[in-house]
Colleague: 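This is the structure, below, for whatever I ask next.
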Amino acid sequence: MCEAGVNIKVIQDTLGHKDITTTLNIYTDVTKELKRTEFDGLDKYFNNSIA
């Protein structure tokens, strides 16, 4: 769900976790693909801000 772009608070609510740390610590992981995608988006943001 995280890699699909679902907001972490929506995931927390869907799973019924009262504490967001449960969701973050158990159900999320940073994959190489997710990291690359996020940094690509960050690069595009900064490149558009400079232009």
Colleague: Quick one: do L34 and M1 end up in the same hydrophobic cluster if we chain Ile, Leu, Val, Met, Phe, Trp and Tyr together by side-chain heavy atoms under 4.5 Å apart?
Modeller: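 No, it is not one cluster - the side chains of L34 and M1 are not joined through contacts under 4.5 Å.
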Colleague: Can you list everything that forms a side chain to side chain contact (heavy atoms under 4.5 Å, CB included) with K9? Sequence neighbours excluded, please.
Modeller: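 Partners of K9 by the side chain to side chain contact (heavy atoms under 4.5 Å, CB included) criterion, ordered by chain and then number, come out as N7, Q12, I20.
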Colleague: What's the spacing between I8 CD1 and L24 CG if we round to 0.5 Å?
Modeller: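 I8 CD1 to L24 CG: 4.5 Å, rounded to 0.5 Å.
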Colleague: Can you name the side chain to side chain donor-acceptor pair (under 3.5 Å) partners of K18, sequence neighbours left out?
Modeller: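 With neighbours one apart ignored, the set is empty.
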Colleague: List in chain and number order the residues that pass side chain to side chain contact (heavy atoms under 4.5 Å, CB included) with D19, two or more places apart in sequence or in another chain; answer none if no residue qualifies.
Modeller: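 In terms of side chain to side chain contact (heavy atoms under 4.5 Å, CB included), with neighbours along the sequence ignored, D19 is linked to T21, T22.
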Colleague: Please list, chain by chain and in numerical order, all residues satisfying side chain to side chain donor-acceptor pair (under 3.5 Å) with D40, sequence neighbours excluded.
Modeller: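 Per chain and number, D40 pairs via side chain to side chain donor-acceptor pair (under 3.5 Å) with R36.
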Colleague: I'd like to check the side chain to side chain contact (heavy atoms under 4.5 Å, CB included) partners of K32; sequence neighbours left out, ordered by chain and number.
Modeller: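 Side chain to side chain contact (heavy atoms under 4.5 Å, CB included) list for K32, sorted by chain: empty.
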Colleague: Test of understanding: with side chain to side chain contact (heavy atoms under 4.5 Å, CB included), list the residues that count as partners of Y45, not counting sequence neighbours.
Modeller: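 Y45 satisfies side chain to side chain contact (heavy atoms under 4.5 Å, CB included) with S49 only.
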Colleague: Hey, could you give me the CD/CG distance between E38 and D43, rounded to the nearest 0.5 Å?
Modeller: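 Atom-to-atom, E38:CD and D43:CG are 11.5 Å apart.
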